Amino acid sequence: MIGSVEVRRHALATALFALTLYANSLGNGFVLDDMFLIVRNPWLEDLSWIPSLLSSDYWAPTAEVGLYRPFTSLTYALNHAMGGLDPLVY
């Protein structure tokens with residue numbers, strides 16, 4: 001039982017440490033490639049585009065560079081559905 005409490009305490013300390021490290025970035029906006037991958041990507045505006053996101057290049061519809069990241073693209077679409085273009089959601 002004591003080991004379980006200690007594990008939880010370490011997990012909480014690690015989570016608080018990570019939150020402290022990244023807290024100053026939470027209010028920032030989109031930068032660099034976010035403009036093409038998120039802000040200007042029409043495929044994220046409607047979840048009906050998910051099949052295209054899962055079967056196309058990571059940079060589509062902007063470009064084709066041979067990079068395939070279906071899970072990342074899917075999370076962008078779901079984030080957009082939940083919070084629109086609020087960077088905090090991403």
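Treat the numbers as computed from the prediction; the structure is a model and nothing was measured. Residues take their numbers from the sequence shown, with the count starting at 1.
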Chemist: If you look only at distance, which donor and acceptor atoms sit under 3.5 Å apart when one is on a side chain in residues 7-29 and the other is two or more places apart or in another chain?
Modeler:
unit_1: Thr14; atom_1: OG1; unit_2: His10; atom_2: O; d: 2.8
unit_1: Thr20; atom_1: OG1; unit_2: Leu16; atom_2: O; d: 2.7
unit_1: Ser25; atom_1: OG; unit_2: Tyr22; atom_2: O; d: 2.7

Chemist: Side chain to side chain donor-acceptor pair (under 3.5 Å): which pairs involve residues 49-59, sequence neighbours left out?
Modeler: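 Applying side chain to side chain donor-acceptor pair (under 3.5 Å) to every pair that reaches into residues 49-59, excluding sequence neighbours, yields Tyr58-Tyr76.
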
Chemist: Over all heavy atoms of both residues, which pair between Ala77 and Leu53 is shortest? Give the atoms and the distance, please.
Modeler: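 Heavy atoms of Ala77 and Leu53 come nearest at CB-CD1, 3.6 Å.
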
Chemist: How many angstroms lie between atom CG of Asn79 and atom CG of Leu44, to the nearest 0.5 angstrom?
Modeler: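 Answer rounded to 0.5 Å: 9.5 Å.
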
Chemist: Could you list the donor-acceptor pairs under 3.5 angstrom formed by side chains in residues 62-74, with sequence neighbours left out?
Modeler:
unit_1: Tyr68; atom_1: OH; unit_2: Leu54; atom_2: O; d: 2.6
unit_1: Ser73; atom_1: OG; unit_2: Arg69; atom_2: O; d: 3.1

Chemist: Output side-chain donor-acceptor pairs under 3.5 Å for residues 30-41, partner residues at least two apart or in another chain, one line each.
Modeler:
unit_1: Asp34; atom_1: OD2; unit_2: Val31; atom_2: N; d: 3.1
unit_1: Asn41; atom_1: OD1; unit_2: Trp43; atom_2: N; d: 3.0
unit_1: Asn41; atom_1: ND2; unit_2: Leu37; atom_2: O; d: 3.3

Chemist: Just list the side-chain donor-acceptor pairs under 3.5 Å for residues 81-90, sequence neighbours left out, or say none.
Modeler:
unit_1: Asp86; atom_1: OD1; unit_2: Leu88; atom_2: N; d: 3.2
unit_1: Tyr90; atom_1: OH; unit_2: His80; atom_2: N; d: 3.3
unit_1: Tyr90; atom_1: OH; unit_2: Gly84; atom_2: O; d: 3.2

